[in-house]
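Encoded as structure tokens, the structure appears first; notes follow it.
Here is the naming used below: chain letters follow the sequence lines, and residue numbers restart at 1 for every chain. Given the structure is predicted, the values throughout are model-derived calculations rather than measurements.
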Amino acid sequence: MNELEILRDFCAEEPPPGPQRLATVRARVVAGFDAAPLSHAQARQRRRSGVPHPALTGGVAALAAAVATAALIITSGAGGAGSASRPARLEAAVVLHRAALAALSAPVPETSQFIYAQVATRLETGTGQSAHRPDLLRGREWVSVTGTQPTTMSATSCPGTPAAVCTTRLQPGFYSFTYAGLEKLPTAPSALLDYLYREQSGSCKGTGATVSRAELEWAAIYSIMTDVPVLPPRFGAALFTAAAEIPGVTVIRNVTTAAGQPGIAVARTIRPVGPQNTHGRYRLELIFSPHSYRSIGISAAQLQAPMSTSATAVTGSRFVATAPPATGPIIGGHDAQCWTGLRPMPG
Amino acid sequence: MGEARIHPVGVAAGAVPCGGDDAALISGSLRTPERFAAIFDRHAPAIHSYVARRLGRDRADDVVAEVFLVAFQRRGGYDLTHADARPWLYGIATNLIRRHRRDEVRLLRAIARAAADPPAELIADQVTRRMAAQAVRGGLARVMAELPGPQRDVLLLVASGLGVQDTAEALGVPSGTVASRLARARRRLRAELGGANPIDDLRE
């Protein structure tokens, strides 16, 4: 062994950085992309290509800087994102970038554990005089990190059943996404969007519906948020960063989760185009805390009913309050079907 | 949206092929800045290890973030004939490390001191092999701390896996200069290690 080999061993003693450490550094770098000044060569190239850089446009740089510092100080409404003069997409991007930074501090379960979540779901049917009283369900769920164990759900009330408390076990494979599976997905925004598009495209096959790429990407993000209560930190940051690139996303202020918690939502309308308008129109929302920008819920509203149903509007939302990961379900129980219809997915 | 169409599931994030070689990614990032994140995903682990070895892990976080932000700002000047961005990134990292020379030397001296004063449990366990390895490590750290900065840069870049030509590119000096600095640094190391590795002696 010569001196260079000894030196290589010496260098190799430094362990590679863990994903959490690297994710934190990555978030700082990505947040700096918008605020970084352009060199003259880049500015020339942009002018030639006609592509404006956000950092070159008036107050946008200030907003980008606000995103960059949000890791340290996150305040409600900071940056005045509610100004009507700012493009809606930019406003949504600011919320999503803040959510990306907040996602980095999500709790990380062990692979042998379950993710424990407190869940409230509100289902509303009908509008106007035909509106029904919303069904509100509260419960707890234990979701397997690897997806190899059944998901256990315990509800304190079940519409249509006499049981005061009922338990449902969803077998592995019921959900499309698992925590462990998400950790393997790409974190570069363009690659992640490509994956989401391909993943969601399959759901339209055979339906005769045509859905735009942006709609499919947004629907896939919504599906992930439905399936997995807590996202892996690095993936969560990547997901919201990628979501900020999807056109047509807007901010809805002063929303309320199913549990009555105030939030700020980013939303997109999905309107599958098919023969005889059989697919309806939906708005899928991701809801964040207006203070910490952590994900606190999701909501799906049916803005226009499909022709094949009589309902004029159906809204469901799901509130997720996560606790430190538990080692496993602490309840036993019998199988019941009361929870299986509660995933607020359109169609 | 990106040209990448290779299914990424099951592929480690750092190895996700998202848009071709480094030059293609950097070129694409001029129009779509977010693409530069893929450069981070590919090279940040190695750059972090390199910086952490020289400045310690906590300082490395700050320096690595700065490396990629500086690279991002300068990407307009990147020579797109170079498919591999590693020499460029290592060069930026080395320049930033120079601002922290004192911290680096302090760290190396601390390693050398720790090796000169082995923990009691090592002696109690009579793990001679580990002690020998620790002595080598201490000697190495001591020499590294005493080396002139440019020689240390060359030595550590080569030890990190760059060839002489890539190291020259990273440092912006002729390859002949790199070769002579490397030779001088290796001579110093060999002298410190007594021309032989004590671990090898134990094997005999």
How would you list, by chain and number, every residue that makes a side chain to side chain donor-acceptor pair (under 3.5 Å) with B:T94, sequence neighbours excluded? B:Y50
Nearest 0.5 Å please: distance from the CG atom of A:L7 over to the CE atom of B:M144. 5.0 Å
Side chain to side chain donor-acceptor pair (under 3.5 Å) involving B:R187 - partner list, sequence neighbours excluded: none
Heavy-atom closest pair, residues B:D41 and A:A188: OD2-N, 3.9 Å
What's the shortest heavy-atom distance between A:L22 and B:A44, and which atoms? CD1-CB, 4.2 Å
Please state whether the side chain, the backbone, both or neither of B:V67 comes within less than 4.5 Å of a heavy atom of chain A. neither
Tell me, for B:R57 versus chain A, whether the close heavy atoms (under 4.5 Å) come from the side chain, the backbone, both or neither. both
Please give me the minimum heavy-atom distance between A:P17 and B:P45, naming the atom from each residue. CD-O, 3.7 Å
What distance separates A:R8 CZ from B:L156 CG, expressed to the nearest 0.5 Å? 11.5 Å
Taking C-beta and beyond as the side chain, do A:V25 and B:F40 meet within less than 4.5 Å on heavy atoms? yes
Atom CZ of A:R28 and atom CG of B:D61: how far apart are they, to the nearest 0.5 Å? 7.0 Å
